[in-house]
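Fair warning: this is a prediction, and the values are worked out from it, not measured in the lab. Chain letters run A, B, ... following the sequence lines, proteins first and then strands; every chain starts at 1.
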2 protein chains.
Amino acid sequence: MDTKDRQIIRALQRDGRMTNQDLAEAVNLSPSPCLRRVRNLEAKGVIQGYSAEVDPAAYGLAITVFVRIKLERHNEEDVQKFEKRARLIDEVLECHVMTGAMDYQLRVLVPDLEAYENFIRNRIHPIGGIASIDTSFVYGTVKRTAVFPLSR
Amino acid sequence: MDTKDRQIIRALQRDGRMTNQDLAEAVNLSPSPCLRRVRNLEAKGVIQGYSAEVDPAAYGLAITVFVRIKLERHNEEDVQKFEKRARLIDEVLECHVMTGAMDYQLRVLVPDLEAYENFIRNRIHPIGGIASIDTSFVYGTVKRTAVFPLSR
DNA sequence: TATAAATTGGCACAATCTGCCAATCAGGGG
DNA sequence: CCCCTGATTGGCAGATTGTGCCAATTTATA
């Protein structure tokens with residue numbers, strides 16, 4: 001993982017579908033070593049995949065919600081159960097374990113407020129063992145990028 | 001935006017670099033109309049771009065932080081100033097305007113705790129007009145996907 | 001400086017993309 | 001019921017891109 005690898009990563013975060021030839025030119029390599037580095041980063045799990053960035057509203061998911069959840073108990077069993085169930089919920093795009101007053105933060109995508117109510121009632125509450133839920137809706141997005149800062 | 005478009009979108013969220021031929025097969029189309037639909041979704045801004053998914057720790061950014069910020073005043077000038085400055089900070093990958101007690105939530109990536117302290121001191125506080133900051137570090141990530149739920 | 005290991009560049013072949021044209025399909029009016 | 005129109009589709013050929021191999025170059029080490 002040298003400077004060239006980091007250049008490659010940032011270029012592919014900006015445009016994950018750029019051709020290997022353009023990428024090679026952008027990082028001052030010829031195509032074959034460039035492709036080799038990319039494949040290597042993929043094999044080592046540094047690059048975990050590629051994905052299309054889609055406007056949620058245009059797709060029909062107008063509402064983004066950050067949901068913070070605190071469990072009643074933190075024994076192995078209840079924690080495993082919560083995390084296993086959370087992973088299976090399609091509306092949950094992210095679920096992180098957090099420091100602070102709440103245990104988890106979820107990023108949730110739903111078409112409307114009614115769907116959010118149903119999500120809480122039918123997907124979250126049935127998991128059980130939940131002490132409290134704190135909901136924040138997203139009004140607007142000031143910035144959203146996949147490109148990491150230059151680390152050194 | 002019909003069922004086929006949604007299939008295409010979800011397939012490209014799972015693998016943004018899949019060949020048009022594989023994509024066409026996955027959604028039961030032949031390559032040319034499939035490519036036309038993709039280009040159309042791109043032109044309409046539904047697909048906003050493509051990007052590589054990278055492991056932040058492997059890249060050297062071990063710490064993910066969600067920072068919630070409340071402003072002292074909400075006049076046009078102070079809000080514009082904060083948002084403009086936030087957009088320019090490389091460590092800030094996301095910045096959303098939120099409902100609830102705090103005004104903004106940022107997703108921030110830094111190499112270590114020291115860098116986080118510097119980030120707050122040198123990037124956030126100098127903006128001015130900030131009433132309070134609430135920091136939550138990410139211990140672990142239970143789920144992280146780019147694939148939207150089937151809408152309907 | 002000599003040597004070994006790692007990385008690079010170029011080339012040829014295979015796979016993929018791209019733009020065009022004809023064929024097919026869906027909907028509306030006579 | 002049929003014909004017409006517009007939209008969408010499928011297939012094809014040329015251009016672009018990816019892929020794997022080998023020799024040349026660079027880098028690191030003794």
### Message
Taking any heavy-atom pair under 4.0 Å as a contact, classify A:Ser30: base, sugar-phosphate, or nothing.
### Response
base
### Query
Within the structure shown, what part of the strands sits under 4.0 Å from A:Ser32 by heavy-atom distance: base, sugar-phosphate, or nothing?
base
Expressed in angstrom and rounded to an integer, what is the separation of [X] atom [atom1] from [N] atom [atom2]?
X       : N      : atom1 : atom2 : answer
A:Asn20 : C:dT16 : CG    : P     : 15 Å
A:Glu25 : C:dG10 : CD    : P     : 13 Å
B:Asp15 : C:dT16 : CG    : P     : 13 Å
A:Met1  : C:dT7  : CE    : C1'   : 17 Å
B:Leu29 : C:dA23 : CG    : P     : 20 Å
A:Gln21 : D:dT19 : CD    : P     : 11 Å
A:Asp2  : D:dA28 : CG    : C1'   : 15 Å
A:Asp5  : C:dT8  : CG    : C1'   : 14 Å

### Query
Which nucleotide in the set D:dT9, D:dT17, C:dT18 lies at the smallest distance from any side-chain heavy atom of B:Leu35?
C:dT18
### Message
Closer than 4.0 angstrom, basic N to acidic O: yes or no for B:Asp90 and B:Arg123?
### Response
no
### Summary
5'-most contact on DNA chain D (nearest-nucleotide basis), A:Asp22 vs A:Arg36, goes to A:Asp22
### Summary
Heavy-atom nearest nucleotide on DNA chain D taken for B:Lys4 and for B:Arg17; more 5' hit belongs to B:Lys4
### Message
With a 4.0 Å cutoff (strictly under), does any side-chain N or O of A:Arg39 reach OP1 or OP2 of D:dT19?
### Response
yes
### Query
Any side-chain N or O of B:Arg37 under 4.0 Å from OP1/OP2 of D:dT9?
yes
### Message
Could you measure the distance from the NZ atom of A:Lys44 to the CG atom of A:Asp5? Nearest 0.5 Å is fine.
### Response
6.0 Å
### Message
Within a 6.0 Å radius of atom CZ on B:Arg73, are there more than 12 heavy atoms belonging to other residues, nucleotides or ligands?
### Response
yes
### Message
Using modelled atom types and a 3.5 Å cut-off, is there a donor and acceptor pairing between side-chain atoms of B:Tyr50 and backbone atoms of A:Met18?
### Response
no
### Task
Without swapping roles, check the side chain of A:Glu53 against the backbone of B:Gln48 for a donor-acceptor pair under 3.5 Å.
no
